[in-house]
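Computed from a prediction, not measured in an experiment: that's the story for all the values here. Side-chain atoms are counted along with the backbone in the values below, which use heavy atoms only and exclude waters and symmetry mates. Here is the naming used below: chain letters follow the sequence lines, and residue numbers restart at 1 for every chain.
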Amino acid sequence: MKKTLFDKIWDSHVVESIPNGPDILYIDKHLIHEVTSPQAFQELKERKITVFRPDKTIATADHNTPTENQHLPVKDLLSRKQLQELTQNCKENNISLYGLGHPFNGIVHVMAPELGITQPGMTVVCGDSHTSTHGAFGTISFGIGTSQVAQVFASQSLLVEKPKKLRVNVNGKLKNGVTPKDVILFIISELGTNSGTGYFCEYAGNVFEKMSMEGRMTVCNMSIEMGARGGLIAPDETTYNYLKGREFAPKGEKFEQLQTYWESLKTDEDAKFDQEYYFDAEEIEPMITYGTNPGMGIKITATIPVNKNKSTEKALDYMGFSPGESLINKPINYIFIGSCTNSRIEDFRIAAHYIKGKQKATNVNALIVPGSQQVAAQIKAEGLHIIFEEAGFQLRQPGCSACLAMNDDKIPAGEYCVSTSNRNFEGRQGQGSRTILASPLTAAATAIAGKIVDFTKHLN
Amino acid sequence: MEKFITLTHTAVPLEMENIDTDQIIPARFLKATDKAGFGDNLFRDWRYDQEENLKKNFPLNQEKYQGEILVAGDNFGCGSSREHAAWAIKAYGFKVVVSSYFADIFKGNSLNNGLLPVQVSPNFLMETFKAIEEKPTTKIKIDLENQVIKLIDKNLEEKFEIDTYKKMCLINGFDDIDFLVNKLDKIKTFEKHQTL
């Protein structure tokens, strides 16, 4: 039978299929962090069981960490306690922890791929919905709840029903100024926030083939924003070149052997999907959102759709926008470049390239938060920090930061923030904050202009 | 896990689509390291304004709406994987959530905590909202064994789907950890034959 990439990986990880029930799916890598793991460790303690495969579990601290003075004790008591508990739990269970200050520390979906922990053909889970990111390497990666974190601790397996399969094809040439973030925001705006529920989504077509690993991660990251549990892209030379030489990637002959296997991880011709969509790359333009879910996106030059529906009206009321309005020239006081969607080196290169020699507008607070210590080091190595500092942008230490505002990095109530993160839900970036999702390039251009502008006119 | 067999109760309506887990429990309340106390912060920013005053128009704050069943618009529980959302709904006192569509992770999290997500047709959901609006004390019956939800005053009922294995877990109060720990030998055998 013809198989999709997803089928091939799934089928090779089924320990047992329960009749009329779910599959027992084996998990190759379990990534954990401070926020969704403590109650799972507690569960183990109560049942007097230990972590079954600590060598397949990797921990980082990211959600609830400060982005300033990371060398000092964390000021917020509850946050400090949560971080201490992670350290203690990892120690007791022999789990490798790359905590605050460690050179491998960073946002879980940035640090694991850059360390070569994520490899094609694997199953990867984490108590975080953006685990879909790792699908960029041709893996089955998905977010889980804390009960499931405990299940993986106990058995390195999960009971899961096999999802349906969806493929999104984008072919053609992307226009100047259109980045991977715009591609995924465009797809979600076309398909809606629940179009992917119950599915795993494969991204195919020459747009993704030509995309860097960083770009593929941005796309797969937001699969969950259309409801899909995960997204994935077939591994290819780009994937292998990215992996080679990374800290935990296989080396030498082992790499060659695995690569032969990885090369078989492609959807067979004529394999069947439950749902399939096609888009032309030329249709895509820089995108922004105007509402309170990531599906409420428009081309930056377009106007807000007129849609009489209670939920849309509530969203527009929250955002302070009107149907039919254009967002061009809307003054913006905050921009945030960071989060597991857009905090990799390529994102900062794109932003720095645009910013170089310019100054941020005086009304703007511009926050730059690298995804990991390694990205932060690379920013310095390439001298990008000088560009950001000279332009008046604040460069912070790594973490999830203002994406979910668990730490002090919050957007004040009523203020707009053009943000490279993944969710524009009410209050996501702080109580009353209003998020406009966009690419790092759009965020950089907004910071310079102090308002939303059609920057594509000025690109060379 | 607490058993769930059948429930007949009144309901609280939340007629909004795409209610995400950031609304159910905002991120600033995720600093706790145990499962207790999340009920107080359920829908925190919809229940209270920034000065901590109750927002009178929000259905959970309206005295006429009481009950152990939460009825919500399409695509309930989208967004973050935080299980705290299911804990908060359960701790507040709800045992069932009715919607025409649930986000995957939320649905799984609910089932793992004995909170039953009942997915109904858009039409049945509309009828349910209407029934509650007409008579807030109207009762809804959920019969898990037969997989039927019934609007008692309207004598209107609908079958709902649930995974057979999950249904067995809820009726018996079993959870997945027990099941998986019993399979460890099989899992070890599987590991020996792995390519990766």
Practice task
Using modelled atom types only, decide if a donor and an acceptor are shared between the side chain of B:K90 and the backbone of B:N113 within a distance under 3.5 Å.
Solution key: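 Side chain of B:K90 to backbone of B:N113, a donor-acceptor pair under 3.5 Å: yes, one is there.
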Non-hydrogen atoms of chain A under 4.5 Å away: do they reach the side chain of [X], the backbone, both or neither?
{"X": "B:F102", "answer": "backbone"}
{"X": "B:K167", "answer": "neither"}
{"X": "B:N112", "answer": "both"}
{"X": "B:D178", "answer": "both"}
{"X": "B:Y165", "answer": "both"}
{"X": "B:E191", "answer": "side chain"}
{"X": "B:N18", "answer": "side chain"}

If you count heavy-atom pairs within less than 4.5 Å of chain B, which of [options] leads?
{"options": "A:S37, A:P22, A:G21", "value": "A:P22"}
{"options": "A:V35, A:N64, A:L404, A:T36", "value": "A:N64"}
{"options": "A:E426, A:E85, A:R428", "value": "A:E426"}
{"options": "A:Q257, A:K314, A:K310, A:E34", "value": "A:K314"}

Against chain B, label [X] side chain, backbone, both or neither, depending on which of its atoms sit under 4.5 Å from a heavy atom there.
{"X": "A:V149", "value": "neither"}
{"X": "A:S129", "value": "both"}
{"X": "A:E161", "value": "side chain"}
{"X": "A:E43", "value": "side chain"}
{"X": "A:I144", "value": "backbone"}

Handout entry: Heavy-atom side-chain contact between B:S81 and A:Q148 under 4.5 Å
Key = no
Problem - Heavy-atom pairs under 4.5 Å with chain A, option from B:A27, B:G79, B:G108 with the top count - result: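 With the most close heavy-atom pairs to chain A, the winner is B:G79.
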